[in-house]
**Student:** 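Next up is a structure, given as C-alpha cells.
All values reported here derive from a predicted model rather than from experimental measurement.
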Amino acid sequence: MAGNENQETLQGVVENVVFHNEVNGFTVLEINANGEVLTCVGSAADISPGEEVVFTGSWDSHTLFGRQFKFTACRRSMPDTSAKLFRYLASGAVKGIGAKTAVKIIERFGEDAIDVLTNHPEKLAVIRGISKAKALDISQAFNSQNAMRKMMIELEAYGITALECTRIYKYFGMNALNVIKENPYALCGTVSGFGFDRAQKLCEDMSLSPDPRHRYRAGILYILKHNLYANGHTCIPQEKLIAPATQLLEVGSDTVIETLDDLVRMKSLVRMPINGAEFLFLPEIYTAEICIAEKMNRMLRFPPARVSSADADIDRIEAYNNIVYAEKQRLAIRTAGEKGLLILTGGPGTGKTTAVRGIIDLYEGSRVEVLLCAPTGMAAKRLSEVTGREAKTIHRLLEVEWDETEKPVFRRNTENPLSAGAVIVDEVSMVDVELFASLLQALPLGCRLILIGDSDQLPSVGPGNVLGDLICTGNLPVVCLTEIFRQAQKSLIVMNAHRIIAGEMPTLDATDSDFFFIRRDTPQAAAKTVSELISRRLPEAFGFSPLDDVQILCPSKKGDCGTVNINRRLQEILNPPDRTKNHLITPGSRVLREGDRVMQVRNNYNIGWTRGSEEGDGVFNGDIGKIEKINYAAGVMTVLFDDRSAEYPADNLSELELAYAVTVHKSQGSEYPVVIIPLIDTPPMLMYRNLLYTAVTRAKKMLIIVGREDRIASMVQNNKTNKRYSALDAFLA
C-alpha cells in the first residue's frame, strides 16, 4: 500500500461512498472533480454524498482497484447549493431524513434549508408527515452531525485522525470543540493517543492560550503516569516529582507544590504518608493496592474451609499418579489443603508443575471446583497443557468488557463473583496491581487461592511488584521449591539458570547439551550469526521452523543486536517482498507483510477476534501472531494469534511490531522451543542478573547465546534491579 510520497491536493464533491469501516474510519469513495469521477481511499468519519472535500495525499496504482487517490488529510465543508444539499440529506446522513423527506425540505426551503434545520426546526412541521416532535428530532440529529463535522473539519487540519475525532466526540459530545479550545490538555488521559506532549503541540498549533493551571496539572499527571506505566511504580515520593516537574513545566517548585495540592483537593491524586515520606498515587492505583491488601488480610483472618490433606490423602494421590513427591512439594499440597491460600515459587526444574497437579488432584478429590488462569494467552495455553485442564487468561476468566474510554471493565466482580471453590494463577510475577485487584474482587467468599510464580524473574510490565511484595510481607503462606530434580539436572538450560540466579558464571563450553555459546566480538558479526542460525543452521541441522520454533530475545530495541535491526534483517531473509503478498506501511515507515510474525505492544480491548464459532474482543500486550491476510479494500489486516483470528483496522497498525526478535521484557510468561540471545552491545542499564535469568528460562529445548563472555559475566555479577516504588507491602503490614 505504499504510495508516492509527493503530497498534492484534490478537490471535489462526494458522489458515492463505496465502503466505510465504522471502527477505523477507513473509507473508499468516489468524488466528482471538475466532471471527472475519481476513486479516493483514506480515513474519514461519517462522510456523505454532497459534501465538498479537499483531500491531501498522493496517487497510487493498485493491482486490483486501479488508479486511486490515497488521502492522509481531509478538509470538508457543508453543501452550499440546493442540489448538493439534497444529495447530502437524501444519503441518510441525518437520522429521520430519507430521499422523499429530503425532496420536500429542498422544495420548501431551498438554500435556506440548512438555517431551518439548524435554528428553526419548528418550520419543518409545515411539511406534511413531519410532526413538531419529529421536527425537533431531525434538527437535533442534524446539529449533532454538524457539530461533529465542524470539529473534524477543524481538528483534521492539525493531524488528528478521523478515528481520534470520533473518540473525542464520543467522550466530550457536541461541546467537544469548545472544550478543546478552552483546555486542550483535557484530552490527556481521556482520549487514547493523547499525551501531554501532543496536547501541548495542539495548543501551539491552534494558537490557544488556556489557563496555565491546566498545563501544570496535565504535566504533573503525565510525569506520574510515565513513572507508573513505563517504570512500574505504583506511587512515587513527592520530593522525587518536584525536580522533573519544574524542568518540564519551566516553573518554580512553589508552583509545582501548589498544583499538587490542587490535584489532591480535586481527587486527581492521592497523597499518603508512608514510612515518614509523602507518597503520591493515581486514585485507581491506590484503590487497587488497598483492595489487594484488604482482601489478602481478610483471607488470612477468615481462611477458606479446610480440605483434607493428611499424609494418607497425599499418599493416595502419589500412588494414583505413580509419583513420589519431595518434602517441599508435599508441604505445598498440604498447605493448599489446610489454609486455602498459598504462594508457590521456584526456579526451573524444581517441580512446581508436579506440585500444582497434586494440589488440583487434592481439590478435585474433595469436589472443589477449580479454575486455572494466567496473565497471557501463551502462559494459559502452557498451564492447560501441563495440567490437562482448561486454563484461561485472567481477562477472559473475568469476562472483560470495556467502557467508553476504552478501559477494561470486568463482568466478574464483587457483585458477580466467579463460580469456583479454588482459583490457581500461574506466572504471577507478570500480573500488575490493577489486574490482580480485579481478580481478587471476583473471588467468592471462601474461595481458595493458589499463586504460582518465579520471584527471580522480571516483574510485571504494568505497575507494581505483586509477587515480590506478597512474599516480602512474611505474613502469607509461602513454599519455595529449591531442589532441582534429577531429570531436570540433565538440562544445562536448567542448571545454568540456577547458576545465574546464584551469581555464578554459567557453563559455556558444552557442545553436547541444550545450552550453547557462540563467541562473536562485534555487534555486526553477532547479528549476522543470529540471522544465519534462525534462517539456515538450525532448520538444516535440527529441523526447527524459523517462524514456529525459534525466538530471538534481545535485551534492548536499539543497536545492531537490538530488536529493530534484527527484525529488519530477518524480515528480508524469512519473508522478503513478493508480488503475491500484500503489505502495509505503518506510521513509523515500517513494512508489515502477509506472513510476518508480529507482536501486539499494548492492550486493546476493542479488536474483535473469532475462535471457531466463539467470538470475543481484546488483544493484549505481548500476544504474538502471524499476519494471514491484508485486505486493502476494507483497510483491515487479519492476524492469527494461536487459535484466535483477529481483525486489525488500519489505524491500529502502530500497535503491532515485527516479532522475529522481541525484548526479554516482552517475552515474560512465554516459552519457546529454541531461544537465541545476542549479548554484546547491551545498554548498561539492562545488564543485570534478573534479565539474563528471565531470558534463559524462556527456552524449552535449546538455548544459544551469541556474543562475548564478559557481557555475560557483567550481567551475572550485577544483582541490582531497578527499584519500584510500591505501597502494597506497607498496606499488607
**Student:** Quick one: does Leu282's side chain get under 4.5 Å of Leu221's, heavy atoms only?
**Tutor:** yes
**Student:** For Lys295, is the NZ atom crowded, meaning more than 12 foreign heavy atoms sit under 6.0 Å from it?
**Tutor:** yes
**Student:** Charged N to carboxylate O below 4.0 Å: is that the case for Arg644 and Glu614?
**Tutor:** no
**Student:** Only counting residues at least two apart or in another chain, list the ones meeting side-chain contact (heavy atoms from CB on, under 4.5 Å) with Ser384.
**Tutor:** Ala391
**Student:** Answer yes or no: is there a donor N or O on one side and an acceptor on the other, between the side chain of Asn231 and the main chain of His233, under 3.5 Å?
**Tutor:** no
**Student:** Taking all non-hydrogen atoms of both residues into account, name the closest pair between Tyr672 and Leu553 and its distance.
**Tutor:** CE1-CD2, 4.3 Å
**Student:** Is a salt bridge present between Lys381 and Glu390, judged by a nitrogen-to-oxygen distance below 4.0 Å?
**Tutor:** no
**Student:** Take a 6.0 Å sphere around NZ of Lys701 and say whether it holds more than 12 heavy atoms from other residues, nucleotides or ligands.
**Tutor:** no
**Student:** What is the ring orientation for Phe281 with Tyr286, classed by angle as parallel under 30°, tilted 30 to 60°, or perpendicular over 60°?
**Tutor:** perpendicular
**Student:** If only atom types and distance count, is the side chain of Asp623 paired as donor or acceptor with the main-chain N or O of Val619 below 3.5 Å?
**Tutor:** no
**Student:** Report yes if some heavy atom in the side chain of Leu470 is under 4.5 Å from a heavy atom in the side chain of Leu732; otherwise report no.
**Tutor:** yes
**Student:** Counting only N and O atoms by type, is there a donor-acceptor contact under 3.5 Å from the side chain of Arg412 to the main-chain atoms of Pro417?
**Tutor:** yes
**Student:** Kindly indicate, with the supporting measurements, whether the criterion side-chain hydrogen bond (donor to acceptor under 3.5 Å, both in side chains) is fulfilled by Glu615 and Thr610.
**Tutor:** CA-CA 4 Å; Glu615 294 184 353; Thr610 57; over 6 Å; no
**Student:** Scan side-chain atoms only and decide if Arg698 and Gln551 contain a donor-acceptor pair under the 3.5 Å cut-off.
**Tutor:** no
**Student:** Do side-chain atoms of Ser667 reach the backbone of Ser670 as a donor and acceptor pair under 3.5 angstrom?
**Tutor:** no
**Student:** Using a 3.5 Å distance criterion without hydrogens, assess whether the side chain of Gln668 forms a donor-acceptor pair with backbone atoms of Pro459.
**Tutor:** yes
**Student:** Give a yes-or-no answer on whether the side chains of Thr473 and Asp729 include a donor-acceptor pair shorter than 3.5 Å.
**Tutor:** no
**Student:** If every non-hydrogen atom of Phe172 is compared with every non-hydrogen atom of Ala186, which pair is closest and at what distance?
**Tutor:** CZ-O, 3.7 Å
**Student:** Between Asn321 and Asp361, is there a side-chain donor-acceptor contact under 3.5 Å, judged purely by atom types and distance?
**Tutor:** yes
**Student:** Give the ring-plane orientation class for Tyr688 versus His665, where under 30° counts as parallel, over 60° as perpendicular and anything between as tilted.
**Tutor:** perpendicular
**Student:** Mind running salt bridge (Lys or Arg N to Asp or Glu O under 4.0 Å) on Asp549 and Lys700 for me, showing each step along the way?
**Tutor:** CA-CA 10 Å; Asp549 297 328; Lys700 290 193 293 184; over 6 Å; no
**Student:** Between the side chain of Ser491 and the main-chain N/O of Ile493, is any donor-acceptor distance below 3.5 Å?
**Tutor:** yes
**Student:** If every non-hydrogen atom of Leu728 is compared with every non-hydrogen atom of Ala293, which pair is closest and at what distance?
**Tutor:** CD1-N, 4.1 Å
**Student:** Whether Lys626 and Asp548 form a salt bridge (side-chain N of Lys/Arg under 4.0 Å from carboxylate O of Asp/Glu) is what I want to check.
**Tutor:** no
**Student:** Any donor-acceptor pair under 3.5 Å linking the side chain of Arg597 with the backbone of Ala659?
**Tutor:** yes
**Student:** For residues Leu341 and Leu476, determine if any side-chain heavy atom of one lies less than 4.5 Å from a side-chain heavy atom of the other.
**Tutor:** yes
**Student:** Between the side chains of Asp313 and Arg334, is the shortest nitrogen-to-carboxylate-oxygen separation below 4.0 Å, so that they form an ion pair?
**Tutor:** no
**Student:** Would you indicate whether Lys352, at its atom NZ, is surrounded by more than 12 heavy atoms from other residues, nucleotides or ligands within a distance under 6.0 Å?
**Tutor:** yes
**Student:** Before accepting this row, confirm whether a basic side-chain N of the pair Lys557/Glu657 lies closer than 4.0 Å to the acidic partner's carboxylate O.
**Tutor:** yes
**Student:** Please answer whether the main-chain N or O of Val423 pairs with a side-chain N or O of Arg448 as donor and acceptor at a distance below 3.5 Å.
**Tutor:** no
**Student:** How close do Leu481 and Thr350 get, heavy atom to heavy atom, and via which atoms?
**Tutor:** CD1-O, 3.5 Å
**Student:** Yes or no on side-chain hydrogen bond (donor to acceptor under 3.5 Å, both in side chains) for Ser726 and Asn465, after CA distance, side-chain angles and deciding distance?
**Tutor:** CA-CA 7 Å; Ser726 166; Asn465 185 21; over 6 Å; no
**Student:** Under 3.5 Å, is there a donor-acceptor pair between the side chain of Arg389 and the main chain of Thr387?
**Tutor:** yes
**Student:** Using ring pair (Phe, Tyr, Trp, His ring centres under 6.0 Å), reason through His395 and Phe410 one step at a time and then give a plain yes or no.
**Tutor:** CA-CA 8 Å; His395 287 85; Phe410 299 105; 5.8 Å; yes
**Student:** Considering non-hydrogen atoms only, spot the tightest contact between Ala661 and Cys554 and give its length.
**Tutor:** CB-SG, 4.0 Å
**Student:** Evaluate Leu331 against Glu327 for side chain to side chain contact (heavy atoms under 4.5 Å, CB included), listing each step before the verdict.
**Tutor:** CA-CA 6 Å; Leu331 174 62; Glu327 181 181 346; 5.9 Å; no
**Student:** Who pairs with Gln329 by side chain to side chain donor-acceptor pair (under 3.5 Å), at least two apart in sequence or on another chain?
**Tutor:** none
**Student:** Please answer whether the main-chain N or O of Leu458 pairs with a side-chain N or O of Thr694 as donor and acceptor at a distance below 3.5 Å.
**Tutor:** yes
**Student:** Looking only at side-chain N and O atoms, does Thr414 offer a donor or acceptor that is under 3.5 Å from a partner on Gln441?
**Tutor:** no
**Student:** Under the side-chain hydrogen bond (donor to acceptor under 3.5 Å, both in side chains) rule, what do Tyr693 and Asp454 come out as? Steps first, then yes or no, please.
**Tutor:** CA-CA 11 Å; Tyr693 173 78; Asp454 186 344; 2.4 Å; yes
**Student:** Using distance only, find each side-chain donor-acceptor pair of residues 424-433 under 3.5 Å and give its atom names and separation, not counting sequence neighbours.
**Tutor:**
from, atom 1, to, atom 2, distance (Å)
Glu427, OE2, Arg382, NH2, 2.6
Asp432, OD1, Glu434, N, 3.1
Asp432, OD1, Leu435, N, 2.9

**Student:** If you compare all heavy atoms of Ile274 against all heavy atoms of Ala730, which two are closest, and at what distance to 0.1 Å?
**Tutor:** CG2-CB, 4.0 Å
